[in-house]
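These notes are about the structure you will find just below.
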Amino acid sequence: MELRDDLIILLLGGHETTSMSITWALYWIHRLPQVYDKLMAELDTLGDNPDSSAITKLPYLNAVCHETLRIYPPTILGAYRIAQEPIEIMGYHFEPGTYILPCIYLTHRQEDLYPEPSHFRPERFLGRQFSVYEFVAFGGGSRRCIGYALSLFEMKLILATILTNLKLALPDNRVIKPVRSAFTVAPSPMYMIPT
Ligand code: HEM
């Protein structure tokens with residue numbers, strides 16, 4: 001039974017989060033021509049049949065993936081923690097037994113960390129390294145997402161493969177909004193067409 005539960009959580013936690021992140025990334029890349037151009041120029045430096053490690057090391061692709069996960073984190077809340085002893089966090093006192101639920105979305109919208117937070121701007125991730133308390137799309141601490149490295153790897157390989165093999169476009173200027181999906185916050189219905 002425990003093995004079954006572990007397999008189900010890997011499937012649920014690993015599938016929708018990553019696929020929605022790739023969908024969001026495709027949206028932003030095609031909505032913002034300057035992002036598309038910069039990314040394509042970087043992918044062009046790889047030459048034919050690049051190996052996967054070369055793709056994962058591309059700085060701008062890495063920044064696009066992180067900005068995608070920052071602006072609309074697929075899971076807006078982390079898993080709750082229960083205080084085991086009295087603790088104080090930023091002047092707030094919590095008694096043992098208090099449930100504490102970190103909000104990933106609000107952390108990623110803090111102006112002091114991410115100026116103009118509603119703007120998709122991958123360059124933020126080129127200029128500086130964010131700490132584990134600032135970029136929290138995968139949660140934090142000892143229960144941080146077990147699949148974080150795998151999902152970034154998947155995102156980068158899938159985006160690079162799609163972008164170098166297909167020319168896609170958004171059919172109109174509709175703004176895509178986040179909506180509640182089964183497990184995540186996903187893009188509202190979105191279509192892309194080959195050009
Ligand atoms: C973009 C993709 C993903 C995002 C945004 C994401 C996000 C998260 C978050 C926020 C947590 C809670 C962490 C915490 O409370 O500190 C979590 C936990 C978890 N994730 Fe992910 N995840 C992603 C991909 C994956 C993948 C690919 C897998 C597995 C193959 C996976 C498996 C898990 C598991 C098993 C946990 C529970 C870990 C624990 O409780 O110790 N996730 N994830």
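Ligands are counted one by one from 1 in listed order, and the atoms in each one are counted from 1 as well. All figures in this text were calculated on a predicted structure; none of them were measured in a lab.
Of all atoms in ligand 1, listed by their number and element, those nearer than 4.0 Å to a heavy atom of L69 are 1 (C). With ligand atoms numbered from 1 in the order given, ligand 1 contributes 10 (C) to contacts under 4.0 Å with heavy atoms of I104. Listed by atom number, the atoms of ligand 1 under 4.0 Å from S21 heavy atoms are 1 (C). Using a 4.0 Å cut-off to heavy atoms of G140, the atoms of ligand 1 that qualify are 16 (O). Proximity to T18 (heavy-atom distance under 4.0 Å) selects the following atoms of ligand 1: 2 (C), 27 (C). Remark: ligand 1 atoms within the under-4.0 Å shell around heavy atoms of G139 are 10 (C), 13 (C), 14 (C), 16 (O). Numbered from 1 in the order shown, with element, the atoms of ligand 1 that lie under 4.0 Å from a heavy atom of L150 read 30 (C). Below 4.0 Å from some heavy atom of I146 lie the following atoms of ligand 1, by number and element: 32 (C), 33 (C), 34 (C), 35 (C).
The nearest protein atom to atom 24 (C) of ligand 1, hydrogens excluded, is given as T17 OG1, 3.4 Å; this is a heavy-atom distance. Of all protein heavy atoms, the one lying nearest to atom 20 (N) of ligand 1 is C145 SG, 3.2 Å. With respect to atom 37 (C) of ligand 1, the closest heavy atom belonging to the protein is R143 O, 4.9 Å. The protein heavy atom nearest to atom 29 (C) of ligand 1 is L10 CD2, 3.6 Å.
Between the side chain of K156 and the backbone N or O of I55, no donor-acceptor pair lies under 3.5 Å. When atom types are taken as modelled, the side chain of S188 and the backbone of K177 share a donor-acceptor pair closer than 3.5 angstrom. Within the 3.5 Å criterion, the main-chain N or O of V136 finds no donor-acceptor partner in the side chain of R144. Side chain of R70 to backbone of R121: no donor-acceptor contact under 3.5 angstrom is found.
Atom CD1 of I162 is separated from atom CG of L157 by 11.0 Å, given to the nearest 0.5 angstrom.
For atom 7 (C) of ligand 1, the nearest protein heavy atom lies closer than 4.0 Å.
Residue contacts with ligand 1, taken as heavy atom pairs separated by less than 4.0 Å, involve A79 via backbone and side-chain atoms alike. Contacts between E16 and ligand 1, counted as non-hydrogen atom pairs separated by less than 4.0 Å, are absent for every part of the residue. Contacts with ligand 1 closer than 4.0 Å are made by side-chain heavy atoms of P74 only, the backbone lying farther away. Using a 4.0 Å cut-off between heavy atoms, V136 makes no contact with ligand 1 at all.
With hydrophobic clusters built from ILVMFWY side chains whose heavy atoms lie under 4.5 angstrom apart, I87 does not share a cluster with Y80. Hydrophobic clustering, with ILVMFWY side chains joined whenever heavy atoms are under 4.5 angstrom apart, keeps L11 apart from I22.
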Assess the residue pair R174 and Y191 against the criterion (side chain to side chain contact (heavy atoms under 4.5 Å, CB included)); give the C-alpha distance rounded to whole Å, side-chain angles, the decisive distance to 0.1 Å, and a yes or no.
CA-CA 10 Å; R174 220 156 29 102; Y191 305 93; 3.9 Å; yes

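Residue nearest to atom 15 (O) of ligand 1, selected from M20, R81, E154: R81 (by heavy-atom distance). Comparing heavy-atom distances from atom 10 (C) of ligand 1 across I76, L101, T75, L152 singles out T75 as nearest.
Separation of the F135 and F130 ring centroids does not fall under the 6.0 Å cut-off.
More than 12 heavy atoms of other shown residues, nucleotides or ligands fall within 6.0 angstrom of atom NE2 in H119.
With P74 as the partner, the side-chain contact (heavy atoms from CB on, under 4.5 Å) test is satisfied by one option alone out of L69, T68, T18, V185: L69.
The closest approach between any non-hydrogen atom of H15 and ligand 1 is not below 4.0 Å. Remark: distances from the non-hydrogen atoms of A137 to ligand 1 include one below 4.0 Å.
W28 and F120 have parallel rings, their planes meeting at less than 30° on a 0 to 90° scale where 60° marks the start of perpendicular.
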